[in-house]
Amino acid sequence: MNRRGCGTMKWKQSAALGMASVLIFHMACVDLQAAPPQVRVDESVYVNLDYYGAVEEVNIVKGCMLNGNTSIVDYGDYNEVVNMSNRAVPQVEAGRVTWDLSGQEGERFYFECKTDRLAQELPWDLDVTYRLNGKECSGDELAGAAGMVTMLVTVEPNPAAPEYYRNNMILTVATLVDMDKDNYSLEAPGSQLQTLGTKKAVLFMALPGESGTFRIDIGTENFESTGLMFMMVPATLSSLDRMADIREVKDKVRDSMDAMSDSADVILDHLSDMKGSLEETQRGIRKAQEAKATFDAGEGQVKSDVDAAIDSLDGIKNSLTLLSAQTVIEKADYIDAMERLETIRHSVYEMDEYLKDMEDASKDLQDSMEKLRRTMKNGAGDTEEEIAETIDTLKKIYGQTGDPADLGNLQVGAEVGYLAEFAGALTKSAVPVLEDTEGVVHEVENLTNKASEVLNESYTLGGHMTQDYKEHVLMLLDETQMFLDSAGSSVTATQMALRSMRTLLDATETSLDAAIDASLSGMIGILDSGIGIAGGSEVFRDAKDTMKEAVDDELDEIEDESNILNIDTEEAFPSFTSDRNAAPDSIQIIMRTAEISPDDDDVDNTVDLERAPEDIGVWGRLKAVFVKIYHWFVKE
């Protein structure tokens with residue numbers, strides 16, 4: 001068999017592999033349930049690539065199950081529309097294609113469309129490079145080459161592709177390597193290798209939105225390749241229905257991690273704030289321990305002092321009791337003294353009245369003696385009569401008091417006696433005697449005035465003492481007694497309290513000391529642990545942040561590496577050509593790079609995989625395809 005035949009055979013075998021996959025996929029996607037009569041459509045895109053993955057030609061093939069319909073309406077902006085099944089001619093106008101299939105045979109109808117727009121909307125951008133023995137070279141240079149041939153396939157998601165393609169299309173990269181002839185080794189890291197007789201199929205897969213580089217190393221003595229096959233199909237396997245659940249779980253995990261992180265931050269903030277308070281409390285409790293130790297050291301002295309205080313309070317209480325009783329006695333004595341003083345005061349008042357009368361009588365005596373002295377001196381008047389009048393006045397003065405022991409009365413009595421003697425010897429020395437008597441009367445008058453002043457002051461003082469001061473003094477004595485009684489009660493209560501405290505100290509000395517020591521030690525231990533926890537809050541925060549970042553990074557990496565979590569197996573397939581078309585039953589994109597063969601100049605790489613003779617019908621074409629697949633795999 002010549003080289004050209006071998007190259008053609010290899011391309012046909014690769015095409016057969018892709019075609020078999022497409023047919024099997026089509027057959028698996030056929031809706032077997034009953035539905036209203038309507039045209040059912042499968043859409044397939046066939047893309048011819050150059051050696052390096054650049055798009056050269058795009059053909060869209062639509063396979064229609066008529067279900068008794070004789071008219072098909074399709075929407076899209078096409079450069080060309082070709083009937084692949086019969087001689088019907090389409091009516092093309094303003095993005096609308098109408099097929100009238102009246103009188104045509106068969107229930108299956110195929111037509112091909114060509115458009116430039118789809119080349120910019122393919123789910124992945126492809127780049128293929130070649131190396132021979134580690135050195136980069138062109139595809140033409142590899143034809144018939146010997147050595148280690150490396151094919152590097154780089155796939156990158158196309159951001160211009162529609163959202164459904166980015167989120168739901170799965171990419172399969174495949175090629176066939178014949179291991180029976182010139183090829184002696186094959187390595188494809190990360191691939192799945194399947195043996196088909198003497199050939200090995202190399203399969204790689206990329207998830208929706210995933211990028212990657214696939215490497216195929218072939219040791220050969222005469223290299224040739226039927227090209228690389230790329231198949232892009234929706235992820236519709238039932239097992240992928242779990243993607244929605246996984247996506248929901250992923251969102252819940254992220255939201256939960258965010259909520260947990262926020263809550264943990266609040267808790268850690270409180271722990272950080274608590275650290276200072278815990279340390280301050282710990283210092284306070286340690287001070288309490290020190291105070292407890294000080295108390296324990298001085299407890300014996302305290303008990304001794306309490307006992308001494310109790311004993312000393314007995315003396316104070318007794319003294320207060322005696323003072324209270326003495327105050328009652330003094331109050332009674334004071335009341336009696338005030339009554340006596342009031343009696344004296346009345347006597348002073350009466351004496352003051354007597355003195356006032358004596359003062360008036362003294363003045364009369366003074367006038368009479370002055371008159372007598374003038375008479376006797378001048379020798380005129382009745383001297384005896386005037387002396388008698390004077391004596392009567394003195395007697396009158398003397399009669400003002402019934403108490404002859406009174407100093408004033410005694411003085412007057414003496415003067416009266418003197419005047420009597422004076423009357424008998426009047427003739428001897430009348431004038432000098434009268435002058436002496438007048439001086440005595442003046443002294444009596446002065447004495448009376450002074451006595452009156454003294455009595456007035458005494459009366460006033462007695463009034464203050466018996467009237468003004470008495471109530472205050474009695475009130476002071478009453479309050480003093482109340483104070484002494486209250487102080488005695490307080491001393492008694494203090495004694496009782498001290499005795500109770502002394503009894504309590506004795507009763508709780510052992511148990512309370514142990515309880516306080518255990519409580520303080522336990523609280524310090526708790527605070528130590530709390531401070532340790534609060535001090536480790538930043539470590540925990542770092543660990544929490546690290547965990548959250550790890551989860552976020554993993555989720556972000558999953559989302560960045562692929563759109564597998566965005567797969568929606570329930571979403572209807574979009575038409576490749578227009579959103580106005582009904583959802584197809586299936587869609588797929590099949591791409592192939594140019595064949596590398598020593599006789600490539602005579603090889604036509606453009607192959608219509610579904611064009612069949614017009615006169616054999618759908619089932620005849622299907623049979624022919626499977627026959628060709630069989631021959632391509634079992635024959636050279």
Side-chain angles (χ1 to χ4, degrees), residues 15 19 22-48 57-122 162 164 233-234 572-590 606-626 628:
M19 187 62 183
V22 172
L23 291 175
I24 293 171
F25 186 83
H26 283 189
M27 295 172 69
C29 293
V30 172
D31 190 352
L32 300 179
Q33 296 182 353
Q38 57 182 340
V39 177
R40 310 298 293 270
V41 180
D42 297 309
E43 295 187 5
S44 301
V45 177
Y46 299 97
V47 182
N48 288 324
E57 184 178 7
V58 178
N59 297 301
I60 304 171
V61 176
K62 297 195 177 187
C64 305
M65 180 63 70
L66 298 177
N67 292 322
N69 291 280
T70 59
S71 177
I72 299 175
V73 177
D74 181 74
Y75 297 94
D77 295 325
Y78 303 129
N79 300 330
E80 183 181 0
V81 179
V82 178
N83 184 338
M84 299 174 62
S85 298
N86 52 44
R87 299 182 184 277
V89 178
Q91 297 179 4
V92 180
E93 54 182 356
R96 174 188 173 107
V97 177
T98 303
W99 294 92
D100 183 2
L101 302 177
S102 301
Q104 303 295 327
E105 295 182 358
E107 285 292 312
R108 193 77 178 175
F109 176 74
Y110 293 87
F111 67 94
E112 181 182 56
C113 315
K114 295 183 182 293
T115 177
D116 297 330
R117 178 183 59 83
L118 193 58
Q120 309 302 320
E121 298 180 355
L122 296 172
Y164 180 85
V233 296
F573 300 141
S575 172
F576 285 124
T577 58
S578 175
D579 293 338
R580 298 176 63 187
N581 292 324
D585 286 354
S586 68
I587 57 174
Q588 51 274 325
I589 301 173
I590 301 173
T606 302
V607 180
D608 188 347
L609 295 177
E610 296 197 39
R611 185 177 299 275
E614 297 181 2
D615 56 351
I616 63 175
V618 175
W619 297 110
R621 290 193 302 274
L622 184 59
K623 177 181 178 182
V625 169
F626 279 102
K628 289 182 179 180

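Hydrogens, waters and symmetry mates are skipped; everything else that's a heavy atom, side chains included, is used.
A donor-acceptor pair is defined here as one N or O able to donate and one able to accept, closer than 3.5 Å; such a pair exists between the side chain of Asn581 and the backbone of Tyr75. Checked by atom type and distance alone, the side chain of Glu112 never pairs as donor or acceptor with a backbone atom of Val61 at under 3.5 Å. With hydrogens and angles ignored, the 3.5 Å screen pairs a side-chain donor or acceptor of Arg117 with a backbone N or O of Thr577.
In this structure Asp116 satisfies the side chain to side chain donor-acceptor pair (under 3.5 Å) test together with Asn79, sequence neighbours excluded. In this structure Arg580 satisfies the salt bridge (Lys or Arg N to Asp or Glu O under 4.0 Å) test with no other residue, sequence neighbours excluded. Every residue was checked against the side chain to side chain donor-acceptor pair (under 3.5 Å) condition with Asn69, not counting sequence neighbours, and none meets it. With sequence neighbours left out, Gln91 forms a side chain to side chain donor-acceptor pair (under 3.5 Å) with no residue at all.
Between Phe573 and Asp585 the shortest heavy-atom distance is CE1-O, 3.1 Å. Among all heavy-atom pairs drawn from Gly106 and Leu66, the shortest one is O-CD1, 3.7 Å.
The salt bridge (Lys or Arg N to Asp or Glu O under 4.0 Å) pairs that include a residue from residues 90-101 number zero, where partners must be two or more places apart or lie in different chains. Under the salt bridge (Lys or Arg N to Asp or Glu O under 4.0 Å) criterion, the residue pairs touching residues 58-82 are Glu43-Lys62, Lys62-Asp74, with sequence neighbours excluded.
No more than 12 heavy atoms of other residues, nucleotides or ligands lie within 6.0 Å of CD in Gln120, so this atom counts as exposed by the packing criterion.
Phe109 and Trp99 have perpendicular rings, their planes meeting at more than 60° on a 0 to 90° scale where under 30° would count as parallel.
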